[in-house]
Amino acid sequence: MPELPEVETTRRGIQPWVEGHRVERVVVREPRLRWRVPPRLARELSGEVVHRVERRAKYLLLHTDAGSALLHLGMSGSLRIVRDDQPAGTHDHVDLIFEQGHRLRLRDPRRFGCLLWSRAPTRHRLLRSLGPEPLEPGFDGAYLRQRSHKKTAPVKAFLMDAKVVVGVGNIYASEALHRAGIHPSRAAGRVSERRYQGLAQSVRDILSEAIAAGGTTLRDYVQSGGEPGGYSIQLDVYGRQGEPCHYCGALIRRAVCGQRSTFWCPHCQR
DNA sequence: CTTACCGCCTGTCGGC
DNA sequence: TGCCGACAGGCGGTAA
């Protein structure tokens, strides 16, 4: 499923084919995504030049002078650049057709993603309450410590809260907590600033490593050219319940924490 | 304000 | 081997 590194990898992949290019028309084969693709999107976007492709959290924004397309890949979405004559598959729901002939094709088998239109995206309801980007200044141990003050929710749920920090999905939350040595069900307010510094660093490191390697390959994710992600990272805990910890050999445990599958090493994480 | 839970979907996996 | 039900999963919306 696309997490932040996959979305960033997608952004980088499509950028040269989208930025500075004029949309000739938009084909919507299946508008029923998480929210219906608004009919005005095709109208508004057609004829416009995409002057910038931005990522905010796991959203991609295609900015034009008329407004911005706001896109989320959900669980199973992917974007590819295809030639004009490439036949569309079952789950290829939308094509942006550029003047030069190539297309930006949105595929999303589970249709958990969305494609919306906004004239003022920074004030859009989906974006306006989001927390800081984990790879930007402002996300650090002091920030996490301050935000977690008196919170009793599990630190893993806290870390996955988009109002706290964006882009840390279920996989990376487990991995970052393991790397930082913090037990996922510990109350967020009972983690020291020093340990939060380690956690912030782990989050940055893991996301950066994944981006550098082109995103993880999990389930349906493919890069913008169709090739699978190259980040066959060793995941240290995610999906490894019952297997030995790479660092201490203790058996990795799994439980539901914050309504989600959570994996941790009972020896390394306290 | 917080927290829990629902629902949107389909591919995959485990059980029989 | 084949079928089928359960489940996963991001995340906004809503109820409590």
Side-chain angles (χ1 to χ4, degrees), chain A residues 1-11 28-38 55-61 70-79 88-94 106-118 121 123-134 146-176 184-190 203 207 210 215-222 228-229 235 237-242 254-263:
Chain A
M1 66 298 310
E3 299 220 32
L4 186 144
E6 290 83 344
V7 179
E8 179 59 24
T9 300
T10 297
R11 188 191 71 78
V28 180
R29 295 181 202 83
E30 173 55 89
R32 294 175 302 167
L33 305 185
R34 178 162 188 195
W35 297 285
R36 176 168 281 268
V37 178
R55 179 187 59 74
R56 174 72 176 107
K58 295 179 193 169
Y59 292 94
L60 288 174
L61 292 150
L70 174 58
L71 191 150
H72 196 290
L73 297 177
M75 294 287 307
S76 59
S78 61
L79 286 172
T90 320
H91 303 298
D92 292 335
H93 305 313
V94 180
L106 171 64
R107 169 178 297 188
D108 187 1
R110 293 183 207 174
R111 305 196 338 239
F112 275 24
C114 66
L115 175 59
L116 300 170
W117 180 258
S118 174
R123 281 181 281 134
H124 194 278
R125 65 183 167 89
L126 295 176
L127 303 183
R128 68 185 169 207
S129 339
L130 293 176
E133 289 286 330
Q146 175 254 316
R147 286 299 304 266
S148 64
H149 185 62
K150 291 194 170 172
K151 285 203 192 292
T152 56
V155 61
K156 178 173 178 262
F158 171 73
L159 188 60
M160 290 180 65
D161 182 347
K163 291 191 291 299
V164 173
V165 60
V166 301
V168 182
N170 200 37
I171 298 173
Y172 294 118
S174 281
E175 293 296 316
S185 56
R186 173 176 285 270
R190 301 195 55 180
V203 167
L207 294 177
T216 53
T217 292
L218 290 157
R219 304 193 181 228
D220 310 315
Y221 174 72
V222 287
L235 293 171
V237 288
Y238 188 83
R240 296 193 63 240
Q241 71 271 28
R254 173 191 181 277
V256 173
C257 168
Q259 288 84 245
R260 307 295 303 281
S261 279
T262 301
F263 302 86

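Note: hydrogens, waters and symmetry copies are ignored here, and every other heavy atom, side chains too, is used. Predicted, not measured: the structure shown is a model, and the values here were computed from it. Just so we're on the same page: letters track the sequence lines, and every chain starts at 1.
- Between the CE atom of M75(A) and the P atom of dG7(B) there is a distance of 18 Å, rounded to whole Å.
- Put simply, R254(A) has a side-chain N or O that comes within less than 4.0 Å of OP1 or OP2 on dA8(C).
- Per the geometry, CD belonging to E30(A) stands 13 Å off C1' belonging to dC8(B), to the nearest Å.
- At the phosphate of dT3(B), OP1 or OP2 sits under 4.0 Å from a side-chain N or O atom of T152(A).
- L73(A) places its CG atom 15 Å from the C1' atom of dC9(B), with the value rounded to the nearest Å.
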Where do K156(A) and S174(A) land on the side chain to side chain contact (heavy atoms under 4.5 Å, CB included) test, with the steps shown first? CA-CA 7 Å; K156(A) 178 173 178 262; S174(A) 281; 3.8 Å; yes
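- In this structure, R34(A) does not reach the dC9(B) phosphate: none of its side-chain N or O atoms is under 4.0 Å from OP1 or OP2.
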Run the numbers on L79(A) and L71(A) for side chain to side chain contact (heavy atoms under 4.5 Å, CB included), then give the verdict. CA-CA 10 Å; L79(A) 286 172; L71(A) 191 150; 4.0 Å; yes
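- At whole-Å resolution of the value, CZ in R110(A) and P in dC7(C) are 15 Å apart.
- Checking the phosphate oxygens (OP1, OP2) of dG12(C), a side-chain nitrogen or oxygen of Y59(A) falls inside 4.0 Å.
- Residue-to-nucleotide proximity on DNA chain C shows that, of G169(A) and R125(A), the 5′-proximal contact is made by G169(A).
- At least one cation-pi condition fails for R111(A) and W35(A): the charged atom is not both under 6.0 angstrom from the six-membered ring centre and inside a 45 degree cone around its axis.
- Both R32(A) and K151(A) lie near DNA chain B, and the one whose nearest nucleotide falls closer to the 5' end is K151(A).
- The side chain of S261(A) lies closest to dG9(C) when the candidates are dG11(B), dG9(C), dC9(B).
- Residue K58(A) places its side chain closer to dC11(C) than to any other of dG9(C), dC11(C), dG11(B).
- Between the side chain of E175(A) and the backbone N or O of Y238(A) there is at least one donor-acceptor pair closer than 3.5 Å.
- An aromatic stacking contact between F112(A) and the base of dC11(C) is absent, as defined here by ring centres under 5.5 Å apart and ring planes under 30° from parallel.
- Heavy atoms of D108(A) sit nowhere under 4.0 angstrom from any nucleic acid atom.
- Rounded to whole Å, atom P of dC11(C) lies 13 Å from atom CG of L71(A).
- At distances below 3.5 Å, not a single donor-acceptor pair connects side-chain atoms of H72(A) with backbone N or O atoms of L115(A).
- We find that NZ of K156(A) is positioned 13 Å from P of dC11(C), with the value rounded to whole Å.
- Here the nucleotide nearest the side chain of W35(A), chosen from dG9(C), dG13(C), dC9(B), is dG13(C).
- Following rounding to the nearest Å, I171(A) (CD1) and dC11(C) (P) show an atom-to-atom distance of 12 Å.
- For the pair H72(A) and dG12(C), the criterion of a side-chain N or O lying under 4.0 Å from OP1 or OP2 is not met.
- Among the atoms of the strands shown, none is found under 4.0 Å from any heavy atom of R36(A).
- L33(A) comes within 4.0 angstrom of no nucleic acid atom, judged by non-hydrogen atoms across all strands.
- A salt bridge between K58(A) and E6(A) is absent, with no side-chain N of the basic residue lying under 4.0 Å from a carboxylate O of the acidic one.
- Straight-line distance from the CE atom of M160(A) to the P atom of dC11(C): 8 Å, rounded to whole Å.
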